[in-house]
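Here the structure is laid out as structure tokens; the discussion comes afterwards.
We use all heavy atoms of the structure for the numbers below, so side chains are in, but hydrogens, waters and symmetry mates are not. Below, read A as the first sequence line, B as the second, and so on, with proteins coming before strands; counting in each chain starts at 1.
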2 protein chains.
Amino acid sequence: MTVAEELSASLEDYLEAIHHIASEKGASKAKDIALRLKVRSSSVTGALHALAKRGLANYAPYDLITLTPEGEKLALDVIHRHEALRDFFITVLSVDKTEADDAACKMEHSVSPEIIERIVQFVKFVQTCPLGGAEWIEGKGFFCEHKDSEGGCPLYKEEKQDSSKEQ
Amino acid sequence: MTVAEELSASLEDYLEAIHHIASEKGASKAKDIALRLKVRSSSVTGALHALAKRGLANYAPYDLITLTPEGEKLALDVIHRHEALRDFFITVLSVDKTEADDAACKMEHSVSPEIIERIVQFVKFVQTCPLGGAEWIEGKGFFCEHKDSEGGCPLYKEEKQDSSKEQ
DNA sequence: TTATATTATTAGGCGTGTCAAATAAATTTC
DNA sequence: GAAATTTATTTGACACGCCTAATAATATAA
């Protein structure tokens with residue numbers, strides 16, 4: 001089995017669109033995809049061939065379009081990146097929703113898994129410890145600087161409880 | 001005067017490379033650019049034609065390559081985005097330098113001016129108020145939540161002093 | 001200064017991703 | 001169920017940006 005080729009930004013957009021349309025109306029038609037991505041339907045046909053060739057979409061001419069499990073997995077990954085970025089822009093940077101969504105849409109294709117993971121952790125930290133003072137602890141995540149003192153980091157406490165539960 | 005066409009990620013990379021090579025050795029040669037961008041020199045020639053056509057690079061066959069003032073301005077903008085992202089990854093997300101630089105390199109082309117500005121402000125905040133508690137104040141920037149209490153946000157105090165100086 | 005090595009350019013090809021126009025299939029309406 | 005409409009596909013074109021191979025210019029060494 002060879003390593004799957006990196007998807008282009010364009011194909012990632014198609015996966016994302018197909019997933020979203022499917023979750024709104026069950027399955028996708030080329031026209032909905034075209035409308036959503038602001039692209040002509042001949043471009044959609046082309047993209048669907050490419051996705052089908054990679055085993056990411058179920059495509060038969062004139063038929064409804066769905067994602068394969070593999071395609072679905074990749075779509076969810078793109079969406080995860082999108083949402084992580086958007087949440088970060090809104091929660092931490094106080095960017096307004098529309099702008100945050102647009103920015104996430106553009107950046108979701110170039111952000112690495114490592115950065116996304118850090119961002120997810122950081123947003124989680126900010127939402128739990130609004131007083132801040134984030135400190136990254138390798139292998140654990142962000143905690144506030146006073147994790148050991150009374151009234152310290154709630155995240156850190158959760159962590160402690162969790163591990164004692166696991167005992 | 002028409003609105004300048006958006007530069008592609010690829011051309012932005014060339015601008016950035018030309019600027020960096022020039023600041024290290026005075027001017028750029030096609031070979032240095034090719035090495036830096038891991039591209040063949042025929043690709044460099046093509047890119048130089050495109051940049052020259054847009055008035056961003058001074059290009060004459062077999063001659064040294066420099067940027068026009070316009071090209072220099074755009075190069076500095078790309079570099080600003082790169083550095084803002086890298087600093088954020090390092091300072092806030094505790095990502096290691098190499099990874100931070102790689103990630104910045106990939107994302108610098110898709111990040112909007114608004115997001116960059118917020119990130120710059122946020123990093124500045126984190127560096128000044130390491131205890132955190134960032135709060136965005138429209139038209140001002142990030143300050144900590146205790147800006148009015150004793151021992152509160154140094155950034156906010158600076159701001160106050162600054163405006164009294166201006167009086 | 002002539003031969004050699006290096007560097008740059010041109011020419012042509014390939015993959016991606018878009019479009020418009022022509023055609024074909026499916027759906028809706030009468 | 002036939003006609004009209006909508007939707008989808010094919011075909012061919014074009015821009016980008018990379019590549020290889022062949023050629024041309026420049027720089028280096030003898």
Quiz prompt | Residues touching DNA chain D, which here means a heavy atom under 4.0 Å, drawn from residues 39-67 of chain B | solution =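 Contacting residues: Val39(B), Arg40(B), Ser42(B), Ser43(B), Tyr62(B).
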
Exercise. List in numerical order all residues of residues 8-38 of chain A for which some heavy atom is under 4.0 Å away from an atom belonging to DNA chain D.
Key: Lys29(A), Ala30(A), Lys31(A)

Quiz item: Who are the ring pair (Phe, Tyr, Trp, His ring centres under 6.0 Å) partners of His49(B), not counting sequence neighbours?
Solution: Tyr59(B)

Those residues that, when tested against [X], pass side chain to side chain donor-acceptor pair (under 3.5 Å) (two or more places apart):
{"X": "Asp102(B)", "result": "none"}
{"X": "Ser23(A)", "result": "none"}
{"X": "Glu108(A)", "result": "His82(A)"}

Quiz item: Taking everything shown except Glu24(B) itself, do over 12 heavy atoms lie less than 6.0 Å from its CD?
Solution: yes

Quiz item: Looking at Glu117(A) and Arg81(A), does any basic side-chain N land under 4.0 Å from a carboxylate oxygen?
Solution: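 Salt bridge: no.
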
Quiz item: Rounded to the nearest 0.5 Å, how far apart are OG of Ser112(A) and CE of Met107(B)?
Solution: 7.5 Å

